[in-house]
Undergrad: 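Attaching a single structure in C-alpha cells format; questions to follow.
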Number of protein chains: 2
Amino acid sequence: MINPHWLQSFRALAEQGSFTRAADALGLTQAAVSQHVRFLEDQYGLLVVRKSRPLELTPIGQELLCYALELSEADARFQHRLNLSDSLEGEVSLITPGSSGLLIYPALLALQQQHPGLVIRHRFAPDQEVLQAVLNNQYELGLLTFAPQDKRLKAQAIAEEPLELVHPRGTRVKEWQDLVELGFIDHPDGRAMADKLLSRHFPGQPGAATLPSKGYSNQVSLLLEPVARGLGFTILPRYARQAFLRQDEIAVCQCQRPVVDTLWVIHRAEWPLPRRCQWVLDTMKNCLTH
Amino acid sequence: MINPHWLQSFRALAEQGSFTRAADALGLTQAAVSQHVRFLEDQYGLLVVRKSRPLELTPIGQELLCYALELSEADARFQHRLNLSDSLEGEVSLITPGSSGLLIYPALLALQQQHPGLVIRHRFAPDQEVLQAVLNNQYELGLLTFAPQDKRLKAQAIAEEPLELVHPRGTRVKEWQDLVELGFIDHPDGRAMADKLLSRHFPGQPGAATLPSKGYSNQVSLLLEPVARGLGFTILPRYARQAFLRQDEIAVCQCQRPVVDTLWVIHRAEWPLPRRCQWVLDTMKNCLTH
DNA sequence: GATTGATCATAATGATATATTATAAAGCCT
DNA sequence: AGGCTTTATAATATATCATTATGATCAATC
C-alpha cells in the first residue's frame, strides 16, 4: 500500500497547484512535499509537470489522484460507520422468546416512532436459538428465561414472568390424569416451562415428557387458539396469555404458589454495547419493571 | 488516514486468527503485530477478543476489517489501471484533420481488429482544435498540417500531403479571374490551404480571403459534392480528393510545382507516451510512408 | 541581457516512529 | 501444579520522516 503521507502531499499538491501552497495547507515545509512527491515518482514515474503553471498532472498522476480520492472516500465511510455505532441512529438487533417479545413489542415500536433514525431488527426464537444467535454475533441483544453460564455473555435480570397453566374454559385440571386426558399443546419452550410448573404442582408425577402432545406451534400468539377450542392445555408466560383476544374461552389454573420465570437480557460481555443498544436495553427494563 | 502498517497487521491477524501466525505471514515479529493492534485499539476501542480461540472480532473490529478490505480493493484497481497503461490494451485517443484522417482510418480499423483489447477513439477536427485538444489532454495523439511551436508538444513529421486545386470537370482555372468567378468551397482548414497553394501559383494576387465563398462544410468527404455539381472550386489534400467517388465529374489543376503540406503527429512532450500509443503512432507512420 | 523574486530540488541533521530482542504474564492442557 | 503455548511489555537499535539551509531553474522587469 502506498505511503499515506506521500499520497496526502500529492493530493494537496494536485489541489493547490503548487508545492509551496500544498505544504502550507498541510502544515509542512515545501521540502517535505517535494520529497514525498519524488518518492512517489520514483515508484510510478512522472506525476506532475512542473513547467506549466498552474501545475499539471500527467496521466499517471491523474490515476494516482483518482486512487487517492477513492481512499479518502473509504475513509469517510469508515468514519461515518464509527460515528453511527456511537449514536442513537442505526440498527439494534434483538432476539427474544415469543412470550416476553410480545410484551415489549409495543414499547419497541413506540421507541422507533420517537427516534426515526433507529431501526430495530427483532426476531422471535426459542431460548437455545437466542443463546446461539447472541454468541455468534448475529444479534446484539437477547432475552432468555434462564441465566446463561457462558462467560462470553453478560446477563442481567430485567423482569419476572409468571408461568400459567391455561386450559379450555369449562374443563378441570385438578389431577394429573386431567392433564393426560386434555393433552399438551406444545411450543419451542413448552416442555421446559411445563417441567418447571408441573413439578411444583404435581410433585410425585412423571415429567412433562410423558404428556401426550396435542399440537405444536412456534407462533406464541397462535398457541391459545387450540386451547380455546378445547383441544388441550398449554403452559406459557402470563404476558403471552394476556395478549390473547378471547379470554372468555380459556381458563387459568389457580395455583397456590406461583411459578415465576426470570427474564434475562444478554449480550456479549467482551466489548461495550453500542450506545443505542444500551439505550434500548434501558428502555426495555423500564417497560418490563413498571 | 489510518497507519497502513497497523492496518495490515490487523488484517493478517483477522485472517490468521493468531498474533503469532499473523506475524509469520507478514515477516514480522509477534511483538510488532501486538503493538500495531494495540495502537489501533488505543484509537478505536477493543477490536479483538483474545480469550476465544480462534480469535474473534468485535463489531468495531469487523468494521475496521471491512474498511481494510475496501482499501485493498482500491489498491488492486489502481494497480490494474497502472498495468493497463503499460499494455497494448485500453484506449488510444486520436484527433486528426479530416483529410489525413480518412487516409489512416482503414489502417486504424485493421489495427483494432488485430488487437481486440485496443480501443481507438478517433475524432476529426481542424488544425486549431487538434492543437488545443492535445494540449488540454483530451486526446493523446494528434495530427497537424504544421509544426507546432509550443514546447509542451513533441512533433514528428510522418507524411506529406500534396495540396490540390479541384474544380468542376469542364471549367478552366488559368487566371485569378477564373477562381473569382467559380467561387470557393470552404472548409475548416480551407483558407489556410488556399493561401499556401494560391500564393505560389498566383504570386501577385490578393490572398484567398478575397475570394467569394460559395459553400462550406466541415465534412471533408462531402466537400467535393458541390464542386462536382459545378458550384465552385476548393483546395484540399490529395488524400481527401482521392476518397471521392465520382472522379469523372471533377478535375485537378495541374500545377507546375506541387505545394506539399507536411503532416505532423503531436503529443504532449512532458511525459512518455503509454506503450499502446507509441505503437499506434508507429503503425500510422508505416501506413503513411509506404 | 543582467537582476530580482518566486518556485522547486537536494543534502545534511535532528526528531519521531518503528521493529527487534528479551522477558514477563496469562491461558490452556494433562 | 507444572509444562506448553500464546500474548503483552520494556528497552534498545534501526529506519523513517521533517526541518533547515542552500543551490538550481525560470519568468518577469528594468
Side-chain angles (χ1 to χ4, degrees), chain A residues 1-58 61 64-65 68 149-153 268-271, chain B residues 1-58 61 64 68 149-153 269-271:
Chain A
M1 185 183 281
I2 300 176
N3 185 312
H5 296 118
W6 304 351
L7 202 61
Q8 194 174 40
S9 292
F10 172 71
R11 236 193 93 179
L13 176 63
E15 279 161 5
Q16 304 287 334
S18 136
F19 284 73
T20 317
R21 265 175 295 150
D24 289 346
L26 295 173
L28 292 177
T29 58
Q30 168 267 320
V33 175
S34 191
Q35 271 195 70
H36 292 174
V37 174
R38 192 162 61 80
F39 292 146
L40 287 174
E41 289 186 324
D42 287 345
Q43 198 172 148
Y44 299 108
L46 194 69
L47 300 173
V48 176
V49 178
R50 272 91 167 159
K51 285 167 200 161
S52 55
R53 196 120 336 195
L55 259 43
E56 205 178 3
L57 296 186
T58 68
L64 189 65
L65 181 62
Q149 295 308 310
D150 204 306
K151 278 183 183 173
R152 293 170 295 174
L153 294 175
R268 291 291 302 243
E270 293 103 327
W271 54 79
Chain B
M1 184 182 280
I2 300 176
N3 185 312
H5 296 117
W6 305 350
L7 201 62
Q8 196 173 39
S9 291
F10 172 71
R11 234 193 94 178
L13 176 64
E15 279 163 4
Q16 305 286 334
S18 132
F19 285 72
T20 316
R21 265 176 295 153
D24 290 347
L26 295 173
L28 291 177
T29 58
Q30 168 268 320
V33 174
S34 190
Q35 273 195 68
H36 291 174
V37 174
R38 193 160 63 80
F39 291 147
L40 287 173
E41 289 187 326
D42 286 346
Q43 201 173 144
Y44 300 108
L46 194 69
L47 300 173
V48 176
V49 178
R50 272 93 166 156
K51 285 168 200 163
S52 54
R53 197 125 330 204
L55 258 44
E56 204 179 4
L57 297 185
T58 69
L64 189 66
Q149 295 306 309
D150 203 305
K151 279 182 182 170
R152 292 170 296 175
L153 293 175
E270 291 104 328
W271 52 79

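Chain A is the first sequence line, chain B the second, and so forth, proteins listed ahead of strands; every chain is numbered from 1. In what follows, every heavy atom counts, from backbone to side chain, and hydrogens, waters and symmetry copies are set aside.
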Undergrad: Supply the atom-to-atom distance A/Met1 CE to B/Met1 CE, rounded to the nearest 0.5 angstrom.
TA: 7.5 Å
Undergrad: Considering only heavy atoms from C-beta outward, does the side chain of B/Ser34 approach that of B/Gln30 to under 4.5 Å?
TA: yes
Undergrad: Using whole Å, what does the distance between atom C1' of nucleotide C/dT7 and atom CD of A/Glu56 come to?
TA: 17 Å
Undergrad: Take the protein atom CZ of A/Arg21 and the nucleotide atom C1' of C/dC8, then report the distance between them rounded to whole Å.
TA: 13 Å
Undergrad: Would you say A/His36 reaches D/dA18's phosphate, i.e. side-chain N/O to OP1/OP2 under 4.0 Å?
TA: yes
Undergrad: Using side-chain heavy atoms (C-beta onward) and a distance below 4.5 Å, is A/Leu57 in contact with A/Phe10?
TA: yes
Undergrad: By nearest nucleotide on DNA chain D, pick out whichever of B/Leu13 and A/Gly27 is the more 5' one.
TA: B/Leu13
Undergrad: C/dT10, OP1 or OP2 - any side-chain N/O from A/Arg38 closer than 4.0 Å?
TA: yes
Undergrad: Taking protein heavy atoms under 4.0 Å as touching, what does nucleotides 20-29 of chain D look like 5' to 3' if B marks base contact, S marks sugar-phosphate-only contact and - marks none?
TA: B---------
Undergrad: Is the phosphate of D/dT7, meaning OP1 or OP2, less than 4.0 Å from a side-chain N or O of B/Ser34?
TA: no
Undergrad: With heavy-atom distances below 4.5 Å as the criterion, would you say the side chains of B/Val37 and B/Trp6 are in contact?
TA: no
Undergrad: Over how many whole Å does the gap from A/Asp24 atom CG to C/dT7 atom P extend?
TA: 10 Å
Undergrad: Rounded to the nearest Å, what distance is computed from the CD1 atom of residue A/Ile2 to the P atom of nucleotide D/dT16?
TA: 17 Å
Undergrad: Taking atom P of D/dT7 as reference, at what distance in whole Å does atom CG of B/Leu46 sit?
TA: 14 Å
Undergrad: In whole Å, what is the span from the CZ atom of B/Phe19 to the P atom of C/dA26?
TA: 16 Å
Undergrad: Would you tell me if any nitrogen or oxygen in the side chain of A/Asn3 comes within less than 4.0 Å of OP1 or OP2 on D/dC17?
TA: yes
Undergrad: Is there a side-chain contact between B/Ile2 and B/Leu40, using heavy atoms and a 4.5 Å cut-off?
TA: yes
Undergrad: Calculate the interatomic distance between A/Phe39 atom CZ and C/dA11 atom P; express it in whole Å.
TA: 11 Å
Undergrad: Quick one, A/Leu13 and A/Val48 - any side-chain contact, counting heavy atoms below 4.5 Å?
TA: yes
Undergrad: Looking at side-chain heavy atoms only, is the closest gap between B/Asn3 and B/Phe39 below 4.5 Å?
TA: no
Undergrad: Within this structure, what is the CG-to-P distance between B/Asp42 and C/dT18, rounded to whole angstrom?
TA: 13 Å
Undergrad: Rounding to 10°, can you tell me the angle the first-five-pair axis of the helix from C/dG1-D/dC30 to C/dT30-D/dA1 makes with its last-five-pair axis?
TA: 30°
Undergrad: Do side-chain atoms of B/Glu41 reach the backbone of B/Leu47 as a donor and acceptor pair under 3.5 angstrom?
TA: yes
Undergrad: Here's a test for you: under side chain to side chain contact (heavy atoms under 4.5 Å, CB included), which of B/Val33, B/Leu26, B/Leu28 qualifies with B/Gln8?
TA: B/Leu26
Undergrad: Is any side-chain N or O of A/Thr20 closer than 4.0 Å to OP1 or OP2 of C/dC8?
TA: yes
